[in-house]
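Just below is one structure, and these are the notes that go with it.
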Amino acid sequence: MEFINLHTHSYTKDDAILEVVNQYPWEFDEAIPNYSIGIHPWYIDENRLKSDLNIIEEKLRLNECLALGECGLDKRIEIPFQKQTEVFQQQIELVQNTSKPIILHCVASFQEVISIKKEMNIKNPMIIHGFSKNKQVAKSLLDNGFYLSFGKYLLRNPELSEVFEYVTNDRFFLETDTIEDTIIDVYQKASNIKNIKLEDLKEVVKVNFNQVFKYE
Ligand SMILES: [Zn+2]
């Protein structure tokens, strides 16, 4: 059975992996079979914003476009937070016509993302990618219906093991994002921490994926 990589920036062409490859509207690659598409807050550019949003809207109608994202909020960058919020909300409006999930980049903005979910009454599943925070932040996100995706920090940061253990099996995903390690490395680490067999872990992630992505 296959591995599922919730978020990656490189397409490996490996048949044993179902990968949600991150795509940007301004450098779209037609050759990628399964992808998410969104405007990352780091790369907001007023000059092409309208065209970026149009491309996202168009791709979201296609079956091979599995999700919106990565998009979200980041308090550690120069781009004004107000602008980021605006662009984030414009993208959400586009995905709300569909049942597709949202893959989120969220840095020091968890409360804001929770508020936006409530204010905009977002029913699409929302997944925080690259989760690296403590149990308290995890709990607040889980209580508000979010999913958490783990990768880089699960491999690099021993304190995160306890948080990952705490997340129930129905609410997490695994990913590589931009790291060199493979998704199999991430699964192996995750299976050690949760103390479940690799085959069982694959099943757990697959069930979550089918649930959230309605992909079968
Ligand atoms: Zn990423």
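Atoms within a ligand are numbered from 1 in the order they appear, just like the ligands themselves. No hydrogens, no waters, no symmetry mates; every other heavy atom, side chains included, goes into these values.
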Taking the Zn ion (ligand 1) as the reference point, name the nearest N/O/S atom of [X].
| X | answer |
| --- | --- |
| Asp177 | OD1 |
| Glu70 | OE2 |
| His7 | NE2 |

Please find out if less than 6.0 Å separates the ring center of Phe172 from that of Tyr147. no
Are Lys83 and Glu46 within salt-bridge range, i.e. N to O under 4.0 Å? yes
Taking both backbone and side chain into account, is any N, O or S atom of His9 nearer than 2.8 Å to the Zn ion (ligand 1)? yes
Among residues at least two apart in sequence or on other chains, which ones pass salt bridge (Lys or Arg N to Asp or Glu O under 4.0 Å) with Glu112? Lys75
Mind jotting down which residue pairs meet the ring-ring contact (aromatic ring centres under 6.0 Å, His included) criterion with at least one end in residues 111-143? Sequence neighbours excluded, please. His7-His129, Phe131-Phe150
